[in-house]
Amino acid sequence: RVHPMTIRAMAQAGVDMSGARTKSVEEFLGQPFDYVITVCAPAAEACPIFPGRAIRLHWPLDDPAEVQGDEPTRLQAFSRLRDEVEERVRSFLDEIAPPT
């Protein structure tokens, strides 16, 4: 399941994830990828090899589910991660965009 704090943090940004679900990597095996990006150490270690020309990248991000404290503190951790992921994705897309 998607962590409830993730759903709330995304809702703060205007994204409805109420119907979202987690997906197993097995759902995507056999599909071609240009890039495979892992975001936590266990995923980087356990990520299967994707055939083809996939470039593997690792973005070491803190797991907001590990943050202790009251609800506002925990939600803030999820919101920070949301913003960090957005920033990294935007930078990544700028890096791989063809020159204009």
Side-chain angles (χ1 to χ4, degrees):
R1 72 181 174 88
V2 177
H3 196 289
M5 289 283 187
T6 298
I7 294 170
R8 289 181 55 195
M10 294 304 291
Q12 288 177 333
V15 178
D16 179 9
M17 290 189 62
S18 59
R21 67 177 180 87
T22 59
K23 297 163 194 74
S24 169
V25 70
E26 282 81 21
E27 291 184 49
F28 302 100
L29 293 177
Q31 296 181 29
F33 288 89
D34 292 325
Y35 296 90
V36 174
I37 302 171
T38 55
V39 295
C40 64
E45 295 167 7
C47 190
I49 296 173
F50 286 82
R53 62 179 211 130
I55 297 169
R56 289 184 61 167
L57 304 173
H58 179 64
W59 297 346
L61 302 174
D62 294 331
D63 183 352
E66 294 180 1
V67 171
Q68 301 295 313
D70 60 11
E71 190 170 312
T73 300
R74 293 182 4 245
L75 181 58
Q76 183 179 27
F78 279 83
S79 298
R80 271 194 313 268
L81 179 64
R82 175 203 63 217
D83 296 344
E84 184 176 353
V85 169
E86 179 181 18
E87 182 179 313
R88 284 180 180 249
V89 168
R90 288 183 187 278
S91 294
F92 171 71
L93 292 175
D94 286 344
E95 288 176 19
I96 66 169
T100 56

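Please read all numbers here as calculations on a predicted model, not as lab measurements.
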ask   = Applying the 4.5 Å side-chain criterion to the ILVMFWY set and letting contacts propagate, would Val89 and Leu81 be lumped into a single cluster?
value = yes

note = Residue pairs passing the salt bridge (charged side-chain N to carboxylate O under 4.0 Å, His left out) test with at least one member in residues 6-34, sequence neighbours excluded, are Arg8-Glu71, Arg21-Glu27, Asp34-Arg53

ask   = Do other residues, nucleotides or ligands put more than 12 heavy atoms under 6.0 Å from the CG atom of Asp62?
value = no

Results of side chain to side chain contact (heavy atoms under 4.5 Å, CB included) for Asp94 - residues two or more places apart only = none

Euclidean distance, Phe92 CZ relative to Leu57 CG, rounded to 0.5 Å = 5.5 Å

query = Given side chains that start at C-beta, do those of Gln12 and Ser79 come closer than 4.5 Å, heavy atoms only?
reply = yes

request  = Considering only Ile, Leu, Val, Met, Phe, Trp and Tyr, and joining two whenever side-chain heavy atoms are under 4.5 Å apart, list the other residues clustered with Val2.
outcome  = Ile7, Met10, Val15, Met17

task = Only counting residues at least two apart or in another chain, list the ones meeting side chain to side chain contact (heavy atoms under 4.5 Å, CB included) with Ala13.
result = Arg82

request  = Indicate yes or no: at least one non-hydrogen side-chain atom of Leu61 is less than 4.5 angstrom from one of Arg88.
outcome  = yes

remark   = Sequence neighbours excluded, the answer for side chain to side chain contact (heavy atoms under 4.5 Å, CB included) partners of Ala65 is His3, Asp63, Phe78

inquiry  = List the residues meeting side chain to side chain contact (heavy atoms under 4.5 Å, CB included) with Thr73, not counting sequence neighbours, and say none if there are none.
reply    = Val67, Asp70

request  = Could you tell me which non-hydrogen atom of Val36 sits nearest to which non-hydrogen atom of Ala54, and how far apart they are?
outcome  = CG2-CB, 4.0 Å

message = Which heavy atom of Gln68 sits nearest to which heavy atom of Arg74, and what is that distance?
response = C-CG, 4.4 Å

ask   = Any Lys/Arg nitrogen of Arg80 or Glu84 sitting under 4.0 Å from an Asp/Glu carboxylate oxygen of the other?
value = no

